[in-house]
Amino acid sequence: MGRTLAKLGGKPLFEHPVEGQYPGALVMGTEEAAAVSDVALSRSPFRYYGLNMQHKVQSFENELAKYLDVRYALGVTSCTAALFVALKALKLGYGDKVAVPAFTFLATAGAVVSAGAVPVFIDIDESIGMDPIDLDKKLSADDEIKAVIIVPLLGYPCDMDALLAVARKYGVRVIEDVAQSCGASYSGRKLGTLGDIGVFSFQMNKLITAGEGGAVVTNDPNLFIRAVRFHDQGIFREQERYGLHSVDEADAFAGLNFRMSEFTGAVMGEQLAKLPEIIRRMRSVHDLIYHELKERAPKLQLRKLFDQEGTIGCYIALITPTPEIAQEFIAGLQAENISSYLLYEGMPLFRRDIFRLRRSAEKDNFPYNYPFRNPIENPEMSCPRAIDLCPRTVFIPISPHFTQEDGELLIEGILSVYPSEAANI
Ligand SMILES: *Cc1c(COP(=O)(O)O)cnc(C)c1O
């Protein structure tokens, strides 16, 4: 107390706006430059043959598999490509429905539509992740839903035990879209390895990055073979590398090209090596803020965290009482030079025209025109909590460059700016 808020003319807590996002890009430097230079000087930018191969993609895949403790990892061009590959590895397409969370990035549901299946939106809980109770309800009502895509948003795991139990109960396959949470875990296991297939993004806005890039991971050799084939024109190379000598050419099918370039592999190898330190730094600031807020302002509602040890700490999020209070809070923080925002403008994905109007690139409203036995659920009626929570959940990014003192300032900022009548603090 005692200090004048910046929005009332006081001195801002932070002298300059704080850079919070792009953790991987923020720590990019000479290591990545040297690795890219290796590829250029060896004149071997392609992963499967070259003049003097550096095997950067292969090393990256091996390191990623080791880091995640998963059997197989495949580098691809993006997480959207990885989602597409995962859906095709699972043989999902026209005539199938796939459950997706009501609140996620365009790509999660967009890949489903592009793969020829129809997304069914599932409501969220106070972790801002998929709600297992609504998943159970929708799977029990519609046996045309063949798979579920679980999305841990901005570093927090979802209610995985409950979600996986529901998926098992109905025999649906599980894809984990870990684009925003590389390195996060649940019960000691890395996200992306708990379901059938996990997918990752290395686009600029994610944890670690090469500008673009993605990965598919799985423990299932058959799904892996199908993933490799779909990402490489139906071909499966490197049988010896994986010890998969029984791969049958009679199982080949038409695919596309989502192969990762050696330049991307080179950068990603270095970025992955930096990931544990990035997470360690963000986590220490996140945990400081999280525990202090719980203790000093027990009435503030923090985003629910299902595994204290599982977050990577890239964001602190508060669920405010109303959208108006959320806006007031964001403006107050901005005056203190603390960045914060509503994810996806606080809008559930099903309210975007692309999904609200069921638009695809295809003729005849494909794939929505499939003669399903059960009507496609109307999320406006069936996802009330997404509609309620999204516009009042405020996300505050944590930079790997933040010190403990920055963490203390963030706590002071949050406590002094938060509209006090809303929290009795
Ligand atoms: C960013 C993102 C994607 C898409 O990743 P790209 O690598 O840009 O294709 C998919 N899902 C989620 C949840 C994302 O945040």
Side-chain angles (χ1 to χ4, degrees), residues 21-25 57 60 64 73-88 98-115 117 119 121-122 124 127-130 147-158 160 163 174-184 191-192 195 197-217 227 230-231 256-261 263-265 267-268 271-272 303 311-312 314-315 317 341-350 352 354-355 386 390 393 395 397:
Q21 281 148 305
Y22 317 128
V57 176
F60 169 61
L64 183 64
L74 176 71
V76 294
T77 47
S78 70
C79 185
T80 308
L83 281 163
F84 198 8
V85 167
L87 290 161
K88 291 305 164 189
V98 176
V100 301
F103 198 40
T104 178
F105 182 57
L106 289 164
T108 314
V112 170
V113 173
S114 293
F121 292 95
I122 310 295
I124 60 172
S127 74
I128 318 298
M130 186 182 277
V148 53
I149 306 181
I150 297 171
V151 186
L153 289 174
L154 299 179
Y156 273 35
C158 302
M160 291 305 286
L163 288 166
V174 175
I175 298 173
E176 289 176 86
D177 176 353
V178 199
Q180 302 181 7
S181 302
C182 185
L191 300 185
I197 302 192
V199 297
F200 293 84
S201 174
F202 309 122
Q203 185 266 342
M204 171 81 182
N205 203 23
K206 316 294 170 155
L207 265 297
I208 49 175
T209 184
E212 297 282 6
V216 179
V217 306
F230 190 67
H231 112 295
L256 290 164
N257 167 16
F258 296 121
R259 293 180 304 250
M260 181 180 273
S261 145
F263 285 111
T264 303
V267 173
M268 289 316 304
Q271 287 270 295
L272 182 60
R303 175 187 183 191
T311 183
I312 47 181
C314 50
Y315 281 81
Y341 56 84
L342 300 180
L343 186 60
Y344 309 130
E345 288 122 47
M347 198 198 283
L349 188 54
F350 57 78
R352 302 223 168 245
I354 292 171
F355 297 104
C390 296
T393 303
F395 288 86

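Note that this is a predicted model, so its numbers are computed, not measured. Numbering starts at 1 and runs along the sequence shown. Counting starts at 1 for both ligands and their atoms, following the listed order.
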### For the student: nearest non-hydrogen atoms of Thr209 and Ala25, plus distance
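Residues Thr209 and Ala25, closest heavy atoms: CG2-N, 3.7 Å.
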
### Task
Run the contact test for Gly213 against ligand 1 with a 4.0 Å cut-off on heavy atoms, strictly below, and give the result.
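True for this residue.
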
### Query
Parallel, tilted or perpendicular: which fits the ring planes of Phe230 and Phe84, with parallel below 30° and perpendicular above 60°?
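Because their plane-to-plane angle is over 60°, the rings of Phe230 and Phe84 count as perpendicular.
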
### Query
Can you check whether Thr80 has an N/O within less than 3.5 Å of an N/O in ligand 1?
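Thr80 vs ligand 1: N/O contact under 3.5 Å present.
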
### Query
Taking both backbone and side-chain atoms of Leu83, is any N or O found less than 3.5 Å from an N or O belonging to ligand 1?
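Not met; the criterion fails.
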
Which atoms of ligand 1 have any heavy atom of [X] under 4.0 Å away?
X      : value
Val151 : 13 (C)
Gln180 : 13 (C), 14 (C), 15 (O)
Gln203 : 7 (O), 8 (O)
Ala107 : 3 (C), 4 (C), 10 (C)
Thr108 : 11 (N), 13 (C)
Asp177 : 10 (C), 11 (N), 12 (C), 13 (C)
Ser201 : 5 (O), 6 (P), 7 (O)
Thr104 : 13 (C)

### Task
Would you list the pairs meeting side chain to side chain donor-acceptor pair (under 3.5 Å) in which at least one residue belongs to residues 99-113, sequence neighbours left out?
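Pairs touching residues 99-113 that pass the test: Thr104-Thr108, Thr108-Asp177.
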
### Query
Within 45° of the six-membered ring axis of Phe258 and under 6.0 Å from that ring's centre, is NZ or CZ of Lys88 located there?
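Pair Lys88/Phe258 does not count as cation-pi.
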
### Query
What do we get for Ala179 next to ligand 1 when only non-hydrogen atoms under 4.0 Å count, side chain, backbone, both or neither?
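Near ligand 1, Ala179 shows its side chain, while the N, CA, C and O stay back.
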
### Task
Show your reasoning for whether side chain to side chain contact (heavy atoms under 4.5 Å, CB included) applies to Met268 and Ile208.
CA-CA 8 Å; Met268 289 316 304; Ile208 49 175; 3.7 Å; yes

Taking the side chain as C-beta and beyond, is there a heavy-atom pair between [X] and [Y] under 4.5 Å?
X      : Y      : answer
Lys206 : Phe200 : no
Val267 : Phe60  : no
Val113 : Phe355 : yes

